[in-house]
*Asks:* 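Sharing a structure below in structure tokens format, with a few things to ask.
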Amino acid sequence: MALTREQLAQRVARELQDGYYVNLGIGIPTLVANYVPKGIEVMLQSENGLLGMGPFPTEDEIDADMINAGKQTVTAAKGASIFSSAESFAMIRGGHVDLTVLGAFEVDVAGNIASWMIPGKLIKGMGGAMDLVAGADNIIVTMTHASKHGESKLLTKCSLPLTGAGCIKKVVTDLAYIEIADNKFWLKERAPGVSVDDIIRLTEGELVVPDVVPEMTF
Amino acid sequence: MALTREQLAQRVARELQDGYYVNLGIGIPTLVANYVPKGIEVMLQSENGLLGMGPFPTEDEIDADMINAGKQTVTAAKGASIFSSAESFAMIRGGHVDLTVLGAFEVDVAGNIASWMIPGKLIKGMGGAMDLVAGADNIIVTMTHASKHGESKLLTKCSLPLTGAGCIKKVVTDLAYIEIADNKFWLKERAPGVSVDDIIRLTEGELVVPDVVPEMTF
Amino acid sequence: MAGFNKIVGSYSEAMAGLEDGMTIIAGGFGLCGIPENLISEIKRKGCRDLTIVSNNCGVDGFGLGILLEDKQIKKMVSSYVGENKLFEQQLLAGELEVELTPQGTLAEKMRAGGAGIPAFYTATGYGTPIGEGKEVREFNGRNYILEEAITGDFAIVKAWKADCYGNLVFRHTAQNFNPMAATAGKITVVEVEEIVELGALDPAHIHTPGIYVDRLILGSFEKRIEQRTVRSA
Amino acid sequence: MAGFNKIVGSYSEAMAGLEDGMTIIAGGFGLCGIPENLISEIKRKGCRDLTIVSNNCGVDGFGLGILLEDKQIKKMVSSYVGENKLFEQQLLAGELEVELTPQGTLAEKMRAGGAGIPAFYTATGYGTPIGEGKEVREFNGRNYILEEAITGDFAIVKAWKADCYGNLVFRHTAQNFNPMAATAGKITVVEVEEIVELGALDPAHIHTPGIYVDRLILGSFEKRIEQRTVRSA
């Protein structure tokens with residue numbers, strides 16, 4: 001069975017470490033905050049200028065001046081700091097954020113990522129994604145392994161315009177956990193009940209498959 | 001009579017305008033603050049991170065954490081702001097300071113200034129002087145017109161290593177007020193009792209002398 | 001004698017001198033911390049062919065979105081413009097130009113503009129369409145692209161509190177792009193929720209020193225919320 | 001589980017890992033806002049061949065000046081080093097190298113180092129000995145030189161108040177180079193006068209967010225005054 005959105009978030013959350021400063025993109029990455037493993041603490045960075053993002057506000061707490069990068073009303077956690085966009089991206093670009101999680105349209109064996117633009121469709125903009133992928137050493141991409149039409153999103157070479165070049169080392173898809181190194185995809189884990197053959201079939205780029213591919217457990 | 005240090009400061013102070021943000025260098029420039037003309041307000045910027053420098057503290061007010069760029073204990077005036085060195089020089093480099101007053105060893109007809117280094121003597125460093133002369137549109141140099149040995153400091157070409165290139169437009173010396181334009185010095189005023197001939201004799205660079213050179217009054 | 005008092009009495013005075021074809025740098029992120037009333041004044045004045053530098057372009061009917069209604073904007077420099085139907089229409093009709101700029105690069109370009117840094121290198125956008133036509137240079141084994149500073153004829157800024165000298169404090173995440181915008185305008189105009197006594201702001205907690213501010217006006221604000229997300233109490 | 005608690009129990013722990021030949025970026029301006037005790041710990045450890053990036057080099061017997069006593073410093077990167085006899089002697093004897101850097105360029109190099117900007121252009125130093133050997137480029141009719149970022153193996157910082165997460169507030173002009181230094185160290189060590197409860201610092205008034213801070217220690221400080229200037233009451 002392909003992972004649900006919640007399971008994807010859960011699997012990504014296992015990569016969190018105690019003391020990590022983390023930037024979570026919009027969509028599935030946002031859900032990761034709900035699955036921080038017990039016994040560890042992480043701080044969420046929101047690129048509009050908030051380090052230490054708290055939960056959504058209650059009705060009474062709602063404040064138009066307190067939002068996250070998804071423009072959602074949020075709260076500041078205890079120990080939070082708030083700063084300008086220049087300071088926020090100094091933090092990101094300077095490599096101070098320990099982990100960035102974001103979605104993508106495509107990823108390739110060279111660690112390239114395409115996530116912001118589909119030629120022919122209306123362009124909305126890259127927001128902070130290009131800064132995030134250029135700034136973080138440690139990035140996890142979450143996405144479905146293939147499109148609705150069964151076309152692989154793990155490619156030899158991205159077909160869409162890039163968001164960043166050579167920056168992705170880890171991908172969690174609904175079918176597998178894959179690492180990228182030496183111009184290859186390395187299959188590390190598979191979703192429960194998903195066969196290695198299915199993963200091979202839906203991975204267009206070169207995939208290295210070990211003898212044993214552990215199944216994820218939830 | 002050549003101007004005294006106090007008169008130099010007084011003459012420079014006449015260039016102040018209401019609402020000017022001003023950076024005063026160490027030495028004679030510092031004295032300018034004592035002669036702000038009546039009816040106008042200026043704010044003093046100190047490049048270590050203080051906009052709105054107040055007077056020296058009383059014995060009771062002394063605070064090691066409140067100093068100016070000359071490392072002197074100072075106070076903050078009402079309406080002051082305090083910030084980092086990066087912010088302070090963003091302000092300076094970005095041209096937000098209206099007037100900078102500083103001393104010099106030499107100035108030449110091209111508006112070059114040499115003020116920080118005498119080859120063969122121990123080099124102490126340029127501090128913020130290079131940033132100040134590169135950042136301000138409006139700079140006044142104060143210095144003696146000639147060295148103790150009678151050698152002109154207003155030259156065709158600076159002989160000492162430069163602090164900044166082509167940035168000086170106004171010089172107040174103990175003998176004269178001079179503007180720099182079109183690769184010439186333009187004599188505008190003379191110190192009380194100082195003859196135009198004396199000024200010509202002690203100005204090595206090309207000097208344009210008008211028919212009438214008004215005498216400064218104090 | 002005005003001294004350092006930056007307060008002006010009307011929005012018309014606040015935006016005096018704005019002309020067709022000028023470049024305006026605006027603070028704000030989404031609808032958070034936007035200079036609502038200064039934008040309305042630009043609409044009222046009716047200036048056209050404007051280049052607006054702002055992370056977003058508001059929404060239909062609010063924020064910078066209202067400047068689209070009379071086609072006052074020629075070009076937007078933004079990182080994300082996806083919240084706005086009218087924007088989409090004018091873009092597709094070729095009536096509006098957009099220069100997409102990564103969010104962090106946009107913030108840094110404004111800061112650089114205010115700080116006298118004409119250009120800087122960044123890894124952001126290298127190897128992407130954003131890097132095309134830009135100089136690439138290697139430092140310590142990594143490739144970077146050259147990005148140039150942005151300055152504007154006007155900067156429009158929304159702050160929380162100010163004193164009459166124009167010293168500014170921002171509230172929560174309404175800070176965002178406002179401090180950089182404030183440094184990068186030839187004329188910087190600020191609207192605030194409260195003007196406090198001179199001396200009431202702690203000098204070390206001023207986000208934007210008054211040296212960057214040319215005009216200051218007291219406003220009242222709708223503060224529309226874009227994504228109202230709540231949890232149960 | 002340490003989480004985000006950055007507090008360490010001793011100065012020896014604070015400077016653990018410092019080795020011969022490393023580069024240290026230090027906050028402070030003159031003797032104001034210098035990490036006095038972290039400097040003393042470096043002296044105690046006795047590491048040698050250090051490169052120190054700091055606006056000044058203290059005075060004889062205090063601040064960074066004490067690291068000259070046992071010739072621990074190989075190279076200083078500073079804008080002004082004129083307050084120190086021992087410095088002068090070692091420089092003239094060829095025992096010490098100095099890389100003079102304009103003060104604003106130095107501050108910006110540290111900021112750039114922390115902000116992932118490998119290099120930037122500035123007009124400061126163009127046409128002077130500081131510009132020699134550096135790339136010159138024209139932007140909008142003016143000449144600028146290329147300056148590269150600085151980072152350090154360690155950054156040593158003095159702040160006023162901190163919470164256990166390492167969020168920092170600086171006092172008065174003791175801020176100076178400290179915030180930039182804090183961003184530019186692989187390991188950033190901060191000593192403070194007071195550690196407050198988590199949540200006691202206003203998030204919008206934190207000068208340095210804790211993300212930049214690796215180790216935090218409570219110290220007591222002499223705060224020597226370099227130029228004691230007073231007026232009559």
Side-chain angles (χ1 to χ4, degrees), chain A residues 46-50 53 55-76 80 82-93 95 110 112-114 116-117 119 122-135 161-167, chain C residues 27 29-33 55-56 78-84 88 91-92 98 100-108 110-112 122-131 143-144 160 170-180 207-208 221-233:
Chain A
S46 189
E47 64 264 29
N48 58 317
L50 172 59
M53 186 160 49
F56 292 142
T58 61
E59 273 294 341
D60 291 348
E61 288 170 343
I62 280 185
D63 188 325
D65 290 337
M66 186 68 93
I67 67 168
N68 66 15
K71 285 137 193 168
Q72 299 171 312
T73 45
V74 290
T75 56
I82 295 174
F83 34 80
S84 72
S85 301
E87 177 60 43
S88 183
F89 283 94
M91 215 172 259
I92 290 167
R93 203 189 303 104
N112 296 322
I113 173 174
W116 72 286
M117 181 187 176
L122 193 79
I123 302 169
K124 297 190 164 192
M126 72 293 285
M130 286 191 182
D131 307 280
L132 283 160
V133 298
L162 298 187
T163 308
C167 50
Chain C
F29 178 89
L31 302 181
C32 181
N55 191 57
N56 313 95
S78 303
S79 87
Y80 190 80
V81 289
E83 320 283 12
N84 207 312
E88 192 173 321
L91 188 62
L92 290 173
V98 61
L100 288 172
T101 305
Q103 196 174 138
T105 297
L106 184 61
E108 192 68 13
M110 290 185 195
R111 179 193 179 270
T122 175
T124 301
Y126 168 73
T128 79
I130 296 307
N143 285 313
Y144 296 84
W160 180 26
F170 302 96
R171 188 166 175 276
H172 302 334
T173 61
Q175 182 172 166
N176 57 59
F177 280 85
N178 280 297
M180 287 74 69
H207 294 119
T208 294
F221 300 85
E222 176 184 338
K223 293 196 189 181
R224 197 178 289 186
I225 291 174
E226 215 161 336
Q227 302 282 341
R228 194 179 184 87
T229 45
V230 293
R231 71 175 197 278
S232 5

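Just so we're on the same page: letters track the sequence lines, and every chain starts at 1.
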*Asks:* To the nearest 0.5 Å, what is the distance between CE on A:Met126 and OG1 on C:Thr105?
*Replies:* 8.5 Å
*Asks:* Pick from C:Ser232, C:Ala107, C:Ser78, C:Gly27: which one has the most heavy-atom pairs with chain A under 4.5 Å?
*Replies:* C:Ala107
*Asks:* CD1 of C:Ile130 to CH2 of A:Trp116: how many Å apart, nearest 0.5 Å?
*Replies:* 4.5 Å
*Asks:* For A:Met130 and C:Pro102, which heavy atoms make the closest approach, and how far apart are they?
*Replies:* SD-CG, 3.8 Å
*Asks:* Quick one: of A:Ala129, A:Ala90, A:Ala134, A:Gly128, who has the most non-hydrogen atom pairs under 4.5 Å with chain C?
*Replies:* A:Ala134
*Asks:* Side chain, backbone, both or neither: which part of C:Leu92 has an atom under 4.5 Å from a heavy atom of chain A?
*Replies:*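 Side chain of C:Leu92 only, per the 4.5 Å heavy-atom cut-off to chain A.
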*Asks:* Is there a side-chain contact (heavy atoms from CB on, under 4.5 Å) between C:Phe170 and A:Ile82 once you walk through the steps?
*Replies:* CA-CA 10 Å; C:Phe170 302 96; A:Ile82 295 174; over 6 Å; no
*Asks:* So, are A:Asp63 and C:Arg171 salt-bridged, with charged N and O less than 4.0 Å apart?
*Replies:* yes
*Asks:* What's the separation between atom CE in C:Met180 and atom OG in A:Ser85, rounded to the nearest 0.5 Å?
*Replies:* 4.5 Å
*Asks:* State whether the number of non-hydrogen atoms from other residues, nucleotides or ligands found under 6.0 Å of A:Lys124 atom NZ is greater than 12.
*Replies:* no
*Asks:* With a 4.5 Å cut-off on heavy-atom pairs, point out which of A:Gly49, A:Cys167, A:Ser46, A:Ala69 contacts chain C the most.
*Replies:*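 Option with the greatest count: A:Ala69.
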*Asks:* Taking every heavy-atom pair that is under 4.5 Å apart, which of C:Lys223, C:Glu108, C:His172 has the most such pairs with chain A?
*Replies:*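 Option with the top pair count is C:His172.
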*Asks:* Let me know if C:Thr101 has heavy atoms under 4.5 Å from chain A in its side chain, its backbone, both or neither.
*Replies:*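 Just its backbone gets close to chain A.
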*Asks:* Between A:Gly164, A:Gly125, A:Ala114, which shows the greatest number of heavy-atom pairs under 4.5 Å with chain C?
*Replies:* A:Gly125
*Asks:* Looking at A:Gly70 and C:Gln227, what are the two nearest heavy atoms and their distance?
*Replies:*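 Looks like O-CG, 3.6 Å.
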*Asks:* Is the backbone N or O of C:Gly104 less than 3.5 Å from a side-chain atom of A:Arg93, with the two atoms forming a donor-acceptor pair by type?
*Replies:*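 Yes.
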*Asks:* Is it the case that the side chain of C:Arg231 and the backbone of A:Phe56 share a donor-acceptor pair, with hydrogens and angles ignored and the cut-off at 3.5 Å?
*Replies:*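 Yes: the side chain of C:Arg231 pairs with the backbone of A:Phe56.
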*Asks:* Side chain, backbone, both or neither: which part of C:Leu91 has an atom under 4.5 Å from a heavy atom of chain A?
*Replies:* side chain
*Asks:* Could you tell me whether the side chain of C:Gln175 and the main chain of A:Ser84 form a donor-acceptor pair under 3.5 Å?
*Replies:* yes
*Asks:* If the threshold is 4.0 Å, N to carboxylate O, is there a salt bridge linking A:Lys71 and C:Glu83?
*Replies:*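 Looking at A:Lys71 and C:Glu83, the cut-off is met.
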*Asks:* Which heavy atom of A:Ala165 sits nearest a heavy atom of C:Tyr126, and at what distance?
*Replies:*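 Smallest heavy-atom distance, with atoms named: CB-O, 3.9 Å.
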*Asks:* Which heavy atom of C:Val81 sits nearest a heavy atom of A:Ile123, and at what distance?
*Replies:*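 Taking C:Val81 first and A:Ile123 second, the nearest heavy atoms are CG2-O, 4.2 Å.
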*Asks:* If I measure from the heavy atoms of chain C, does A:Asn68 come under 4.5 Å with its side chain, its backbone, both, or neither?
*Replies:*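 Backbone only.
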*Asks:* Would A:Glu59 and C:Arg228 pass as an ion pair if we require N to O under 4.0 Å?
*Replies:*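 Yes, charged N to carboxylate O under 4.0 Å.
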*Asks:* Could you tell me whether the side chains of A:Asp131 and C:Thr124 share a donor-acceptor contact shorter than 3.5 Å?
*Replies:* yes
*Asks:* When heavy-atom pairs shorter than 4.5 Å are enumerated against chain C, which of A:Thr73, A:Ile67, A:Leu50, A:Asn48 gives the highest number?
*Replies:*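 Most pairs with chain C among the choices: A:Thr73.
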*Asks:* Distance from C:Asn55 atom CG to A:Glu47 atom CD, nearest 0.5 Å?
*Replies:*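 That separation rounds to 9.5 Å.
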*Asks:* Compare every heavy atom of A:Ala64 with every heavy atom of C:Cys32, then report the nearest pair and how far apart it is.
*Replies:* SG-O, 3.5 Å
*Asks:* Does any heavy atom of chain A fall under 4.5 Å from the side chain of C:Asn56, the backbone, both, or neither of them?
*Replies:* side chain
*Asks:* Report the C-alpha separation of A:Ile62 and C:Val230 in whole Å, then their side-chain angles, then the decisive distance to 0.1 Å, and conclude whether the side-chain contact (heavy atoms from CB on, under 4.5 Å) test is met.
*Replies:* CA-CA 7 Å; A:Ile62 280 185; C:Val230 293; 3.1 Å; yes
